There are 2 protein chains.
Amino acid sequence: MVVGDEAADRLFHALADATRRDILWRSVEGELSVSRLAEPYPMSFAAVQKHVAVLERAGLVTKARRGREQRVRTEPDAVARARQALDHLGSLWRGRVDRMAGLLAGAAESASESTHGEEGTERWA
Amino acid sequence: MVVGDEAADRLFHALADATRRDILWRSVEGELSVSRLAEPYPMSFAAVQKHVAVLERAGLVTKARRGREQRVRTEPDAVARARQALDHLGSLWRGRVDRMAGLLAGAAESASESTHGEEGTERWA
DNA sequence: CTGACCTACAACCAAATGGTTGTAGGTGAT
DNA sequence: ATCACCTACAACCATTTGGTTGTAGGTCAG
């Protein structure tokens with residue numbers, strides 16, 4: 001593990017399963033109990049429980065006791081973090097294109113710091 | 001697999017590993033050969049080869065023969081797709097908040113189609 | 001042609017994943 | 001108190017994953 005970002009590992013891993021994404025989708029629309037969430041899926045309740053646990057460890061959802069059931073709520077900050085990561089990747093790519101365009105154009109503005117490298121910035125914000 | 005979106009599975013799974021993210025990051029900055037990419041990591045060349053294969057199956061990178069080596073290039077469209085997916089999730093969440101705010105405010109603009117449900121839209125675009 | 005290098009792929013292995021069933025602890029209603 | 005329900009968690013199993021080594025095919029330089 002060269003870059004060692006456990007949080008991003010958990011985040012993307014949690015998103016890398018259709019059932020979990022579906023759970024997340026449905027949790028966005030309203031807080032549901034775990035058993036209510038489990039109903040549509042062709043698997044045991046325990047399996048869904050595990051999926052929710054994965055989402056929870058990734059910080060994508062939180063559980064809150066509401067009487068005897070436990071309601072699952074999405075945590076939008078985590079989603080925003082994942083988006084930010086991909087945004088950053090996109091900006092890197094755009095930066096590369098800009099740099100190449102700059103080379104082709106003859107490197108007019110050589111003093112610009114935005115193309116300097118940016119090695120010090122955190123990779124995942 | 002309730003929603004059955006294999007592409008999203010592969011996409012997020014590919015992103016769910018620090019080494020693969022690092023490879024992707026470095027590939028954005030410039031096309032490198034597989035062996036050049038493999039150099040920094042404390043694992044065998046074959047292991048890195050497998051990581052690149054995972055990124056390739058996810059559509060995140062493509063390989064192009066350049067003489068005897070094979071240069072790895074990032075495919076920005078796939079990154080954009082992943083971002084779109086998370087954007088959609090974010091917009092769903094925002095929509096829910098708006099809907100709740102609307103309920104609290106007394107549902108002034110009831111004719112708005114933006115809060116109607118949107119069940120027909122593809123989940124991953 | 002030979003040797004060095006880059007790549008591809010198979011075989012194998014330990015560990016993690018995704019699923020199951022079973023058991024047990026709380027909570028609410030009767 | 002009892003019953004029904006929701007949840008948590010352990011034990012277990014098949015498959016996948018991430019890593020290894022080894023073998024083999026191309027491609028460039030000498």
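This structure is a prediction, so every number in the text was calculated from the model and none was measured.
- For the pair B:Q70 and C:dT7, the criterion of a side-chain N or O lying under 4.0 Å from OP1 or OP2 is not met.
- Nucleotide D:dT17 holds its P atom 10 Å from the NE2 atom of A:H13, rounded to whole Å.
- Nucleic acid contact for A:R20: sugar-phosphate only, since backbone atoms but no base atoms lie under 4.0 Å from a heavy atom of the residue.
- Nearest nucleotide to the side chain of A:R65, out of C:dT7, C:dG18, D:dT7: D:dT7.
- Checked by atom type and distance alone, the side chain of A:R20 pairs as donor or acceptor with a backbone atom of A:H13 at under 3.5 Å.
- A donor-acceptor pair under 3.5 Å links the side-chain atoms of B:R21 to the main chain of B:L15, judged by distance alone.
- Atom CZ of B:R71 and atom P of C:dA8 are 14 Å apart (whole Å).
- In this structure, of C:dC6, C:dT20, D:dT7, it is C:dT20 that holds the atom nearest to the side chain of A:M43.
- Using a 4.0 Å heavy-atom distance criterion, A:R66 is classed as making no nucleic acid contact.
- For A:S35, counting side-chain heavy atoms from C-beta on, the closest listed nucleotide (D:dT21, D:dA8, D:dT7) is D:dT7.
- Residue B:L15 contributes atom CG, which lies 15 Å from atom P of D:dT17 at whole-angstrom precision.
- Counting to the nearest Å, the C1' atom of C:dA24 and the CZ atom of A:R68 are 17 Å from each other.
- One atom, CG of A:L37, and another, P of D:dC6, lie 13 Å apart when rounded to the nearest Å.
- Atom-to-atom, NZ of A:K63 to P of C:dT27 comes out at 15 Å; the value is rounded to the nearest Å.
- Residue contacts for B:S44: at a heavy-atom cut-off of 4.0 Å it reaches a base atom on one of the strands shown.
- Contact between B:R10 and B:A58 at its shortest, heavy atoms only, is O-CB, 3.4 Å.
- Rounded to whole angstrom, the span from the CZ atom of B:F45 across to the P atom of D:dG19 amounts to 15 Å.
- Summarising the geometry, the separation between CG on B:D9 and C1' on D:dT17 is reported as 15 Å, rounded to the nearest angstrom.
- Between B:R26 and B:R36, the shortest heavy-atom distance links the atoms NH2-O, 3.9 Å.
- If you check C:dG19, C:dT7, D:dG18 against the side chain of A:H51, the one that comes closest is C:dG19.
- With D:dA8, C:dT20, C:dA11 as the choices, the nucleotide that has an atom nearest any side-chain atom of A:K50 turns out to be C:dT20.
- Contact detail for B:F45 and B:A38: the closest heavy-atom pair is CD1-CB, 4.0 Å.
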